[in-house]
Q: 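Pasting a structure below so you can have a look.
Below, each value reflects all heavy atoms present in this structure, side chains not excepted, and no hydrogens, waters or symmetry copies.
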Amino acid sequence: MSTTPWHASADLAARYADGSLPESQAWSLEKHLERCGACAARVSAAVRQSPAAGPVLARMREAVLKEAAPMETVLKEAVCAKAARRESREAGPAAAHAAHPPAGGHPLASGHVGGPVAAPLLTPPARSVLRARPWARFLLRALWAAGPAFRGAWLPAVWLVALGALALSQGAGADASRPLLLALAPVVPVAGVALSYGAHADPLHEIAAATPCGGLRLMLTRTAAVLAVSVPLLTLTGVLLPASGTPGAAAWLLPGLTLTLASLALAGWVGCRAATALTGGGWLCAVLVPSWASGGAALTELTQQLDRCLAGPRAQGAWGAAAVLCAALLAARRSAYDHMEKP
């Protein structure tokens, strides 16, 4: 793959502005504009000069600036006042006396010329930090992309599963705590994926899905955030529970990863929520239905079913092969996620 830098030509910018550029090239250009200021300026000028979009953008810009002007003035005054107070505290009473001379006095009498010192920064502190540290900008973008995975009903549900299993292990159902955890744990990341992607989870989903970073990349980012929370928490919970003849506390990890990848691969055809419902529901039916049908020996049947599904190199090898297959399918159909769940 070539690593030679490229830039948008005037013809490419003009075709993007009038809408005649093919969609694949338009997405490539939009991704390039995120990191190239010169090309962004060239494309912006072409869009402003476009007969169709230029007047509309000009009116929108004028309206936005008109609305933002009073707020910008207030923010600048607040920043200046805060900086002046901070400098007064650092310099001591002398600086405070200079910034606020006594009534009837003159600023020159206290050795201060020109009134209070202006704030050294007229932009919000967060913006200056992002400009000075590229890693902070990357971290902020990653947190924004993964944000919906950390809010909503899913995160409390993870804690509820973990704490419920621990509470059950301290009561009469100590022997059932780890089997129930192992039965539910593979479904928890799948549910997290369903609740972290889509218009129902993100108020800015329409905007995010329309960007070059949307689609599969955004879904994988939020999936990684879901796994980063659920995997250590549920595994540690399993370690703290009594074994009672069930598979190990980490036996659910590979099945959970496989079900998550299967949900992502299937989402390219049926959508995210339908795919997670199929995979998660299929797992629960395969594990829990036989134990419920067994009558009084439900716990014994559940433990045996978990042994068949999770324990041993043969079962784990099958889950690993399925995970590789789902990942390959996901990579092969990555372009199908560019238009998934868009308005």
Side-chain angles (χ1 to χ4, degrees), residues 149 154 157-158 161-162 164-166 168-169 174-194 216 219-220 222-268 272 275-294 297-333:
W154 172 79
V158 178
V161 170
L166 290 175
L168 186 64
S169 68
D175 293 338
S177 56
R178 182 181 279 189
L180 287 177
L181 179 68
L182 292 177
L184 295 177
V187 183
V188 171
V190 175
V193 172
L216 181 60
M219 183 178 288
L220 290 177
R222 293 179 179 173
T223 301
V226 166
L227 293 173
V229 174
S230 58
V231 166
L233 179 60
L234 296 179
T235 304
L236 178 60
T237 303
V239 171
L240 298 177
L241 298 177
S244 64
T246 57
W252 73 274
L253 293 178
L254 198 52
L257 177 62
T258 304
L259 291 177
T260 303
L261 290 174
S263 300
L264 296 180
L266 191 59
C272 184
T276 52
L278 288 173
T279 55
W283 165 261
L284 291 178
C285 289
V287 172
L288 297 180
V289 169
S291 63
W292 287 339
S294 64
L299 180 59
T300 303
E301 180 62 30
L302 177 60
T303 303
Q304 294 175 356
Q305 186 70 0
L306 289 173
D307 283 335
R308 289 190 290 268
C309 294
L310 302 179
R314 179 177 298 179
Q316 292 292 320
W319 285 112
V324 172
L325 179 61
C326 292
L329 184 61
L330 191 64
R333 300 194 71 253

Q: Please name the pair of heavy atoms, one in Ser230 and one in Val158, separated by the smallest distance, quoted to 0.1 Å.
A: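 For Ser230 versus Val158, the nearest heavy atoms are CA-CG1, 4.4 Å.
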Q: Compare every heavy atom of Thr237 with every heavy atom of Leu233, then report the nearest pair and how far apart it is.
A: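 Answer, listing the atom of Leu233 first, then Thr237: O-OG1, 2.8 Å.
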Q: Quick one: closest heavy-atom pair of Gly280 and Val190, and the distance?
A: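 Shortest heavy-atom contact: N-CG1, 4.2 Å.
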Q: Looking at every heavy atom in both Ala311 and Pro247, which two are closest together, and how far apart are they?
A: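 That closest heavy-atom pairing would be CB-CG, 4.1 Å.
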Q: Less than 4.5 Å apart, any side-chain heavy atom of Leu234 and any of Leu184?
A: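 Of all side-chain heavy-atom pairs linking Leu184 with Leu234, none is under 4.5 Å.
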Q: Please report the closest heavy-atom contact between Thr279 and Ser263, naming both atoms and the distance.
A: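 For Thr279 and Ser263, the tightest heavy-atom pair comes out as OG1-OG, 2.5 Å.
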Q: Side-chain contact, heavy-atom cut-off 4.5 Å: Val226 with Thr260?
A: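 No, every pair of side-chain atoms sits at 4.5 Å or beyond.
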Q: Go through the structure and list residues passing side-chain contact (heavy atoms from CB on, under 4.5 Å) with Leu278, not counting sequence neighbours.
A: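 Leu266.
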Q: Show me the donor-acceptor pairs within less than 3.5 Å that the side chains of residues 312-319 make with the rest of the protein, sequence neighbours left out.
A:
| unit_1 | atom_1 | unit_2 | atom_2 | d |
| --- | --- | --- | --- | --- |
| Gln316 | NE2 | Ala251 | O | 3.2 |
| Gln316 | NE2 | Leu310 | O | 2.6 |
| Trp319 | NE1 | Cys309 | O | 2.7 |

Q: CG/Leu261 to CG/Leu330 distance, rounded to the nearest 0.5 angstrom?
A: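 Atom-to-atom, Leu261:CG and Leu330:CG are 7.0 Å apart.
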Q: Which heavy atom in Leu254 sits nearest to a heavy atom in Gly320, and how many Å separate them?
A: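 Reported closest heavy-atom pair: CD2-N, 3.6 Å.
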Q: Checking Val187 now: which residues fulfil side-chain contact (heavy atoms from CB on, under 4.5 Å) with it, not counting sequence neighbours?
A: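 With sequence neighbours excluded, Val187 shows a side-chain contact (heavy atoms from CB on, under 4.5 Å) to Trp283, Leu284, given in chain and number order.
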Q: Distance from Leu180 atom CG to Thr303 atom OG1, nearest 0.5 Å?
A: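 If we round to the nearest 0.5 Å, Leu180:CG and Thr303:OG1 are 9.0 Å apart.
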Q: What I'd like to find out is whether the side chain of Trp252 reaches to under 4.5 Å of the side chain of Leu306, using heavy atoms alone.
A: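 In short, these two side chains do not touch, never coming nearer than 4.5 Å.
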Q: Can you find a pair of side-chain heavy atoms, one from Leu182 and one from Val287, that are under 4.5 Å apart?
A: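 Not touching, per the 4.5 Å side-chain cut-off.
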Q: Please check this pair: side chain of Arg222 against backbone of Val193, looking for a donor-acceptor N/O pair closer than 3.5 Å.
A: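 No, because the side chain of Arg222 does not come within donor-acceptor range (under 3.5 Å) of the backbone of Val193.
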Q: Can any side-chain N or O of Gln305 pair as donor or acceptor with the backbone N or O of Leu288 at less than 3.5 Å?
A: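 Judged by distance alone, no pair lies under 3.5 Å.
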Q: Quick one: are Leu259 and Pro186 in side-chain contact, heavy atoms under 4.5 Å?
A: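 Leu259 vs Pro186: side chains touch.
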Q: Can you tell if the side chain of Cys326 reaches within under 4.5 Å of the side chain of Leu264, non-hydrogen atoms only?
A: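 No, too far: nothing below the 4.5 Å cut-off.
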